[in-house]
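Written below as structure tokens is the structure these notes are about.
The model shown is predicted, which means the values in this text are computed figures rather than measured ones. The figures that follow rest on heavy atoms only: side chains count, while hydrogens, waters and symmetry mates do not.
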Amino acid sequence: MGRLRRSRTHHAQRDVHRAARTRARTRDLDQIQLIDLDPKNRAALEAQPLDYEKPGLAQHYCVECAKYFESDHALQSHWRSKVHKRRCKQLKEPAYTIEEAERAAGLGREGKRPTNMDTGTPMEQVA
């Protein structure tokens, strides 16, 4: 008698990974940079009215990470954490623009000479 082979032992892992992919996402870096870090919006986010639906009644909010915390102690320890410091470092870099993404894909106008639309030859050769 040989050992019985256990088949399909990881069938529950698929559901765990799928749930992690479809979980409610936090705000992206460009959204935080353009909207939340504005001084008026930041003050409004830090002094929110009581909300019984959110953790900690929406009184303990980290603007950089777009996260609510249960207590002030949890928020203070989050500010000292590596996750928060890494997120702050990412927010110091400027956000990508549409023009920068197009240049990276080779669609930008940088380094291209204007061409004559009729013949397709560069403008210097037309004159």
Can you pull the ring pair (Phe, Tyr, Trp, His ring centres under 6.0 Å) pairs that have at least one residue in residues 43-68, sequence neighbours excluded?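 The answer is Y61-Y68.
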Could you list the residues that satisfy side chain to side chain contact (heavy atoms under 4.5 Å, CB included) with L34, not counting sequence neighbours?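 Not a single residue meets the side chain to side chain contact (heavy atoms under 4.5 Å, CB included) criterion with L34.
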Is any side-chain heavy atom of E93 less than 4.5 Å from a side-chain heavy atom of L29?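 Answer no - side chains too far apart.
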Hey, does L57 have a side-chain heavy atom less than 4.5 Å from the side chain of Q48?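 Sidechains of L57 and Q48: no contact.
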Checking [X] now: which residues fulfil salt bridge (charged side-chain N to carboxylate O under 4.0 Å, His left out) with it, not counting sequence neighbours?
{"X": "R42", "answer": "E46, E64"}
{"X": "D30", "answer": "none"}
{"X": "K54", "answer": "D51"}

Can you name the closest pair of heavy atoms from [X] and [Y] and give their distance?
{"X": "A95", "Y": "E100", "answer": "O-OE1, 4.4 Å"}
{"X": "P49", "Y": "A58", "answer": "O-CB, 4.1 Å"}
{"X": "A74", "Y": "S77", "answer": "O-OG, 2.9 Å"}
{"X": "R87", "Y": "I32", "answer": "NH2-CD1, 3.2 Å"}

Walk me through whether Q31 and D36 qualify under side chain to side chain contact (heavy atoms under 4.5 Å, CB included). CA-CA 7 Å; Q31 293 174 321; D36 292 350; over 6 Å; no
Nearest-0.5 Å distance that lies between atom NZ in K85 and atom SG in C65: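 The distance works out to 12.0 Å.
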Between CG on residue L37 and CG on residue L45, distance to nearest 0.5 Å: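 Interatomic distance, L37 CG to L45 CG, rounded to 0.5 Å: 9.5 Å.
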Please report the C-alpha distance between D72 and Q59 in whole Å, then the side-chain angles of each, then the deciding distance to 0.1 Å, and finally whether the side chain to side chain contact (heavy atoms under 4.5 Å, CB included) criterion is met. CA-CA 8 Å; D72 191 46; Q59 298 303 299; over 6 Å; no
I98 atom CD1: more than 12 heavy-atom contacts under 6.0 Å: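 No - once you tally the heavy atoms of other residues, nucleotides and ligands closer than 6.0 Å, there are 12 at most.
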Taking ILVMFWY side chains as joined if any heavy atoms are under 4.5 angstrom apart, and letting links pass through other members, which residues group with W79?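 Members besides W79, by chain and number: F69, L75.
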